[in-house]
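Okay, structure first, notes after.
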Amino acid sequence: MDTLHGILERIVFENPDTGYTVGRFFARGHPEQLTVVGNLAAVNPGESLILQGTWVNTTRYGRQFKIERSETILPANIVGLRKYLGSGLIKGIGPKMAARIVNKFGMDTMDVIEQTPEKLARIPGIGKKRVKRIQQAWEAQREIKNVMLFLQSHDVSTAHAAKIYKTYENEAIPIVTENPYRLADDIYGIGFVTADTIAQKLGMEKNAPHRVQAGIKYVLSQKADEGHVFQHRTELIEACQKILEQEPDAIETGIIALAEKEEIILPDKRREPPRSPGTEELVTPIVKDEALQTAPTAGAADAVYLAPFYYAELGVANQFARMLSHRHREHDSPLHIDASLRQLEAEMRIHFAPQQRAAIHTALSEQAMILTGGPGTGKTTTTVGMIRLFEAEGRRIALTAPTGRAAKRLSETTGREAKTIHRLLEFSPQENGFKRNRRNPLEADVVIVDEMSMVDLVLMNRFMQAMRPSTTLILIGDTDQLPSVGAGNVLRALIDSQKIPVIKLTEIFRQAQQSLIVTNAHRINTGEFPQLTGPTDRNFFFIEEANPEEAAELICSLISERLPRHYNYHPMDDIQLLCPMRRGTLGSENLNKRLQEVLNPVGGTSGPESARKTNPEALRGWQAFRVGDKVMQVRNNYNYEVFNGDIGRIASINSVDKKVLLQFPDKRVDYDMADLGELVLAYATTIHKAQGSEYPAVVIPLHTQHYLMLQRNLLYTGITRAKERVVLVGTRQALGLCIRNNQVMERNSHLAERMQSMS
């Protein structure tokens with residue numbers, strides 16, 4: 001191998017997941033800058049490096065030095081030192097401040113920062129607080145360097161190493177050495193596969209109990225990500241055998257060990273109510289029917305649950321049992337409701353259809369009810385009618401929905417305040433929980449939940465814990481849409497239990513019939529081919545394009561030029577591209593990059609001019625974010641109080657303080673750059689992520705390369721996200737596949753059976 005000694009001038013590209021880096025390098029004995037490529041852990045421009053590797057020639061990029069090994073040494077001269085300190089290495093020190101420090105202390109700068117940092121206060125602009133920040137950041141950087149070099153030797157990516165250090169700090173190396181599988185439990189983005197790779201590098205035996213147990217939890221977690229609340233024991237063992245390469249007996253031993261620790265639950269072996277610390281809030285006791293807690297559900301003999309899902313399923317069933325068995329008020333008589341309805345119709349100058357009247361009757365006479373129906377069937381009008389009559393009785397009403405966008409829609413359509421479920425339950429990241437719970441329930445007489453198809457089992461359990469038994473609960477949703485992203489299919493299970501009255505609105509009103517979006521959504525839902533032609537002023541279009549590359553170009557043109565020009569839409573605010581999948585030419589990941597280049601190019605027109613000039617593309621990595629970018633949060637982050645699916649815009653990027661300011665519809669949030677792995681571009685998103693949202697215009701690519709995801713409920717959900725206009729781009733074959741494929745994957749859950757067990 002060849003060896004290069006020199007200084008890293010700048011980083012052109014860095015993949016935070018793999019550590020793969022492309023850099024420009026000044027090497028001794030080479031008059032020109034060199035291009036170096038390979039894995040570099042935690043490097044910063046200005047660092048002196050010793051690189052070992054080989055020279056390669058590529059057609060596209062020319063001659064490059066491919067790195068096999070690297071070693072970092074302190075900067076060897078003043079220029080390197082300035083670049084090193086000003087590269088963003090330490091929060092609070094940018095290029096200008098770095099120049100001041102190095103000009104003052106020269107080559108003694110490192111010793112000053114490390115041993116006598118108080119001397120930094122002699123420099124104008126650096127006070128005692130800033131000195132302390134610099135000292136803390138330097139110590140953290142030194143420690144993270146040690147951790148990252150250790151982890152790099154065990155094939156851990158730079159991004160993962162940073163998260164590991166942030167979680168465990170100086171204890172990172174001993175924790176990882178003792179039990180690397182803790183990473184999968186403690187750190188978002190590090191799963192069993194990564195932890196297992198580290199463990200194998202550390203010499204852990206393949207049959208080690210830590211490994212087997214972590215593998216079991218990993219398989220259960222994967223199934224939960226697919227929507228399953230539990231896994232059948234035989235299927236679990238088979239899946240574990242494939243990834244662990246262990247005999248069934250070893251896996252059985254792991255299952256038993258996890259069950260003894262109550263990390264997983266085997267209901268067929270369980271005869272006592274849950275007693276694990278912290279679970280008393282999750283499972284509400286039933287006074288009338290204790291058997292529901294203690295007896296296994298029929299058919300659950302081989303079920304294996306991760307503990308949170310078991311407690312959630314039990315908790316939802318128990319709380320509904322309490323609610324439906326307590327009646328603390330006299331419900332309105334049918335005659336009284338009819339009289340109130342006639343008066344309301346006169347005030348609203350409408351006439352409720354029979355199904356709508358039945359729904360309002362049910363809401364005012366039952367403890368709980370479910371209202372379901374497709375677009376144009378009058379769910380909103382019916383909901384407003386319920387609210388008006390409840391208000392006339394002087395009852396306190398709370399309106400809620402699972403996402404911020406869905407809550408905003410509910411507020412706009414009803415004219416009343418609506419909150420997300422998290423905000424309604426007053427989630428507090430400081431207290432690591434919901435303030436509203438069984439001990440401090442919601443102070444509402446009526447709670448109305450919209451977009452119930454999006455609510456997963458765990459969130460439903462938390463919500464039900466905060467409900468008083470005397471509160472009237474109204475659940476509204478469309479069962480033909482996609483089920484929740486999280487585990488369970490709560491709305492479907494509640495309907496299937498037949499314990500709660502259900503009113504389904506089926507009549508499409510005349511005004512809605514004039515919209516091709518509504519009529520085509522219903523045609524698709526019944527297996528009919530949609531109407532694709534009509535007058536030029538129609539609101540549903542299909543553009544046929546079989547070539548994926550041509551289709552991608554067409555989509556970019558539609559969003560950036562054609563739709564804005566014809567309908568005066570803002571390309572970012574009014575148009576949303578919804579994709580069946582993330583991968584592929586017509587997947588959300590590729591189309592996001594292409595739309596970013598079209599709608600927000602480097603040095604483009606989005607965001608403040610000063611930010612574009614100084615930092616047009618401040619974040620490096622496989623996903624380069626820019627000021628003005630439209631981005632989506634992809635997991636719940638309770639510290640920032642932003643949740644999975646929230647969409648915002650990047651307002652500013654501060655590479656010195658390692659902060660990114662995001663503007664959401666209702667607030668601004670300062671993100672630490674270490675948390676940017678929780679964000680993705682949102683010019684395009686998957687249809688799953690768009691549930692509960694509504695946009696003026698929606699563009700949907702449909703191509704046979706998406707055949708794995710082409711399902712009727714997926715297309716139905718995507719189309720019903722549009723208020724004014726839908727454009728499908730793709731092939732009739734793909735459209736036909738969608739319509740014909742009505743096989744909805746069943747999710748493993750016993751919620752309906754538990755509900756049916758209630759007396």
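Only this structure's heavy atoms are used, side chains among them; waters, hydrogens and symmetry mates stay out.
- D450 and T400 share no donor-acceptor pair across their side chains, judged by distance under 3.5 Å alone.
- In the model, E313 has a side-chain atom that pairs as donor or acceptor with a side-chain atom of Y305 under 3.5 Å.
- Ionic pairing of E597 and R626 is present here: one or more N-O contacts between side-chain nitrogen and carboxylate oxygen are shorter than 4.0 angstrom.
- Every residue meeting the side chain to side chain contact (heavy atoms under 4.5 Å, CB included) condition with E694, not counting sequence neighbours, appears here in chain and number order: R409, K723.
- A donor-acceptor pair under 3.5 Å is formed between the side chain of Q576 and the backbone N or O of A682.
- When ring centroids are compared, F230 and F309 stay outside the 6.0 Å threshold.
- Here the straight-line distance linking atom CD1 of I495 with atom OG1 of T372 works out to 5.5 Å at 0.5 Å rounding.
- A side-chain donor-acceptor contact under 3.5 Å links R405 and S693.
- By the 4.0 Å N-to-carboxylate-O rule, R396 lies close enough to D445 to be salt-bridged with it.
- The cationic group of R725 does not satisfy the cation-pi geometry with F541, failing either the under 6.0 Å distance to the six-membered ring centre or the 45° limit from the ring axis.
- Between Q633 and Y640, the side chains place no donor N or O within less than 3.5 Å of an acceptor N or O (distance only, hydrogens not considered).
- No side-chain N or O of Q663 forms a donor-acceptor pair with one of R649 less than 3.5 Å apart.
- D185 pairs by the side chain to side chain contact (heavy atoms under 4.5 Å, CB included) definition with K217, not counting sequence neighbours.
- A donor atom on one side chain and an acceptor atom on the other are found under 3.5 Å apart for D186 and Y168.
- Defined by atom type and a distance below 3.5 Å, a donor-acceptor pair is present between the side-chain atoms of Q596 and D629.
- In terms of the side chain to side chain contact (heavy atoms under 4.5 Å, CB included) criterion, residue partners of T717 (sequence neighbours excluded) are, by chain and number, Q481, L482, I687, Q691, R721.
- Using modelled atom types, one finds no donor on one side chain facing an acceptor on the other under 3.5 Å when comparing D480 with N713.
- Of the possible donor and acceptor atoms, one in the side chain of N437 sits under 3.5 Å from a partner among the backbone N and O of F434.
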